[in-house]
Amino acid sequence: MAFRQALQLAACGLAGGSAAVLFSAVAVGKPRGGGDAEPRSAEPPAWAGSVRTGPGVWDPNWDRREPLALINLRKRNVESGEEELPSRLDHYKAKATRHIFLIRHSQYHLDGSLEKDRTLTPLVETTDIISKHLPGVSRVSTDLLREGAPIEPDPPVSHWKPEAVQYYEDGARIEAAFRNYIHRADAKQEEDSYEIFICHANVIRYIVCRALQFPPEGWLRLSLNNGSITHLVIRPSGRVALRTLGDTGFMPPDKITRS
């Protein structure tokens, strides 16, 4: 399969720290299927401040990009009436699939007393290695993907107890990262895209739970090795699939770490 590479790459050099990482989009290939209509749910997700009716309720407008939700129905043409709606819906429908690869940074120094000291070890400099295989691709960084405490885990754990204010501050930022970067393709995007985000374990685990509409409080129950690859697929319909979670099968056993 031939790829027409137009990828932007965002990367973070610190493992624990002050700068955060985003690998941005690659537009490649032809648009694929996935635009079938889905039943709508009136229940917004629990993290939006509302209560869901029960487990198994999928919100098709989770990214606020459901075509019908983007149309102001009061502005219909008086003469054409309902006949105008299908064409207006087509204008807002996504056509392409987004493939999002969430790569956890590699091993870092645990003995640093400050975040700026917890830099990556020479074992695997994630961003630099990936960049060598993507010549000409620009790198973009974002502070939104910095590591943090996304939401208080349930059940709680005894070995990791951040202050409540940390959840309050980090959680809003990491949720903002999810809303900014995890969504179906823009309606103007004609081809499928492949995007790489190099970031941190807590951020990735929270994003996976949110994207699959699993209870986000369960993020700490997922485990990710350093340098592992998590692959999310977002179809034009808004449906989300998890292709791989924390894959390190490409690494030799002696290079696998979780620090």
(request) Kindly write out the residues that satisfy side chain to side chain contact (heavy atoms under 4.5 Å, CB included) with Asn180, not counting sequence neighbours, or none if the list is empty. (result)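 Only Leu144, Ala176 meet the side chain to side chain contact (heavy atoms under 4.5 Å, CB included) criterion with Asn180.
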
(request) Return the set of residues passing side chain to side chain contact (heavy atoms under 4.5 Å, CB included) with Pro252 (not counting sequence neighbours), or none when no residue passes. (result)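 Scan of Pro252 (side chain to side chain contact (heavy atoms under 4.5 Å, CB included), adjacent residues dropped) gives Asp254, Lys255.
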
(message) List the residues meeting ring pair (Phe, Tyr, Trp, His ring centres under 6.0 Å) with His91, not counting sequence neighbours, and say none if there are none.
(response)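 Once residues adjacent in sequence are excluded, His91 has no partner under the ring pair (Phe, Tyr, Trp, His ring centres under 6.0 Å) criterion.
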
Taking the side chain from [X] and the backbone from [Y], do they hold a donor-acceptor pair closer than 3.5 Å?
| X | Y | result |
| --- | --- | --- |
| Arg65 | Tyr92 | no |
| Lys95 | Glu191 | no |
| Arg235 | Ala241 | no |

State, with a plain yes or no, whether a side-chain heavy atom of [X] is found less than 4.5 Å away from one of [Y].
| X | Y | answer |
| --- | --- | --- |
| Glu66 | Arg184 | yes |
| Pro155 | Arg221 | yes |
| Pro236 | Thr97 | yes |
| Leu220 | Asp154 | no |
| Val203 | Phe197 | no |
| Val240 | Trp58 | yes |

On a heavy-atom basis, which atom in [X] and which in [Y] lie closest, and how many Å separate them?
| X | Y | result |
| --- | --- | --- |
| Ala211 | Ile182 | CB-CG2, 4.2 Å |
| Ser228 | Thr248 | CB-CG2, 3.5 Å |
| Cys199 | Ile204 | SG-CG1, 3.6 Å |
| Ala96 | Ala185 | O-CB, 3.6 Å |
| Val208 | Leu222 | CG1-CD1, 4.3 Å |

Run the side chain to side chain donor-acceptor pair (under 3.5 Å) test against [X] and tell me which residues pass, sequence neighbours left out.
| X | answer |
| --- | --- |
| Thr244 | none |
| Arg205 | Asn202 |
| Arg243 | none |
| Thr230 | none |

Roughly how far apart are [X] [atom1] and [Y] [atom2], rounded to 0.5 Å?
| X | Y | atom1 | atom2 | result |
| --- | --- | --- | --- | --- |
| Phe214 | Leu242 | CZ | CG | 8.0 Å |
| Asn225 | Thr257 | CG | OG1 | 7.0 Å |
| Arg179 | Arg64 | CZ | CZ | 7.5 Å |
| Arg258 | Leu224 | CZ | CG | 8.5 Å |
| Ile174 | Tyr206 | CD1 | OH | 8.0 Å |
| Tyr181 | Leu145 | OH | CG | 6.0 Å |

(request) Treat each ILVMFWY residue as a node, draw an edge where side-chain heavy atoms are under 4.5 Å apart, and state whether Trp219 and Leu245 are in one component. (result)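 Yes; tracing contacts between hydrophobic side chains, which count when under 4.5 Å, links both residues.
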
(request) Determine whether Leu212 and Val233 fall in the same hydrophobic cluster, where Ile, Leu, Val, Met, Phe, Trp and Tyr are linked whenever their side-chain heavy atoms lie under 4.5 Å apart. (result)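 Not linked; separate clusters.
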
(request) Output every pair passing side chain to side chain donor-acceptor pair (under 3.5 Å) with a member in residues 156-167, not counting sequence neighbours, ordered by first then second residue. (result)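 Every pair satisfying side chain to side chain donor-acceptor pair (under 3.5 Å) with a residue in residues 156-167: Gln166-Asp170.
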
(request) Could you walk me through whether Arg210 and Ile207 pass side chain to side chain contact (heavy atoms under 4.5 Å, CB included), step by step? (result) CA-CA 5 Å; Arg210 285 285 281 107; Ile207 284 176; 5.8 Å; no

Checking [X] now: which residues fulfil salt bridge (charged side-chain N to carboxylate O under 4.0 Å, His left out) with it, not counting sequence neighbours?
| X | answer |
| --- | --- |
| Asp186 | none |
| Asp247 | none |
| Arg98 | Glu195 |

(request) Mind jotting down which residue pairs meet the ring pair (Phe, Tyr, Trp, His ring centres under 6.0 Å) criterion with at least one end in residues 221-256? Sequence neighbours excluded, please. (result)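 Checked against ring pair (Phe, Tyr, Trp, His ring centres under 6.0 Å) - neighbours excluded - the pairs reaching residues 221-256 are His99-His231, Phe101-His231.
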
